[in-house]
Amino acid sequence: MKTARIKTPLGIAEIAGDLDGLVSVKVLDEGSISSEIPAELKNPVEQIEAYFNGELKEFNLLLNPQGTEFQKKVWNKLLEIPYATTTSYLELSRQLGDEKAIRAVASANGKNPLWIIIPCHRVIGSDGSLTGYAGGLHRKKWLLDHENPPKQQSLF
């Protein structure tokens, strides 16, 4: 397993993976930056940097997250949420075929090991509130604003 750490506007992103794909991307509040990026992680690093630079809206990476079958089912459904849009935990549960599984869906969402790549930040409360986010609500808000910046209003 190879790892790399890069600076992002939201902290240090720690990226881990190998030839089988990315296993995890997590955000840290502090830490050292990698002086060298392993060959297996160069493309993921470039794509993450392009995302933060506003140049990439959809990741094209080999993913290998580790989790239960149910968690993987939820994470795969998260990958279907388009850039700059949101869905609710309830709607996600309905799409997965069981409205009553909302807590299990929320739990799987919270255990997403691929921060930003699997866009769990695009899931909000049914009332539009920014409920729950493992990386902190300030990061969730930043990501949603980054993907859908406020439009400039005319002064006249």
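Quantities reported herein were computed from a predicted structural model and do not represent experimental measurements.
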Find out if a path of hydrophobic residues (ILVMFWY) with successive side-chain heavy-atom gaps under 4.5 Å connects [X] to [Y].
X	Y	answer
Val23	Val74	no
Leu62	Trp75	no
Val27	Ile116	yes
Leu96	Ile102	yes
Ile33	Leu28	yes

Minimal non-hydrogen separation, [X] against [Y], with atom names:
X	Y	answer
Pro44	Ile15	CB-CG2, 4.4 Å
Phe70	Ala104	CE2-O, 3.6 Å
Glu91	Ser88	N-OG, 2.9 Å
Val45	Ala4	CG2-CB, 4.5 Å

Roughly how far, to the nearest 0.5 Å, is [atom2] of [Y] from [atom1] of [X]?
X	Y	atom1	atom2	result
Leu63	Asp20	CG	CG	12.0 Å
Arg122	Leu92	CZ	CG	13.0 Å
Asn109	Lys111	CG	NZ	11.0 Å
Glu147	Tyr51	CD	OH	3.5 Å
Thr131	Tyr89	OG1	OH	4.5 Å
Leu61	Glu46	CG	CD	10.5 Å

Could you tell me whether the side chain of [Y] reaches within less than 4.5 Å of the side chain of [X], counting heavy atoms only?
X	Y	result
Ile6	Ile37	yes
Leu41	Leu22	yes
Leu19	Glu40	yes
Ile48	Ile117	yes

With no hydrogens and no angle check, do the side chains of [X] and [Y] hold a donor and an acceptor under 3.5 Å apart?
X	Y	result
Lys72	Thr68	no
Asn43	Gln47	yes
Asn60	Glu58	no

Inset, instruction - Check whether more than 12 heavy atoms from other residues, nucleotides or ligands sit under 6.0 Å from atom CG of Asp29, and answer yes or no. - result: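 Check fails, neighbour count at 12 or below.
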
Legend entry - Flag if over 12 foreign heavy atoms under 6.0 Å of CD, Glu55: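 Yes, the 6.0 Å shell around CD holds more than 12 heavy atoms from other groups.
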
Does [Y] offer a backbone N or O that forms a donor-acceptor pair with the side chain of [X] under 3.5 Å?
X	Y	value
Lys140	Val123	yes
Asn148	Leu144	no
Arg139	Leu10	yes
Ser34	Arg5	yes
Asn112	Ile118	yes

Inset, instruction - Could you tell me whether His146 and Trp142 have their ring centroids closer than 6.0 angstrom? - result: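 Yes, the ring of His146 comes within the 6.0 Å limit of the ring of Trp142, centre to centre.
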
Inset, instruction - Apply side chain to side chain contact (heavy atoms under 4.5 Å, CB included) to the pair Phe52 and Leu143, showing each step before the final yes or no. - result: CA-CA 9 Å; Phe52 279 112; Leu143 290 165; 4.2 Å; yes

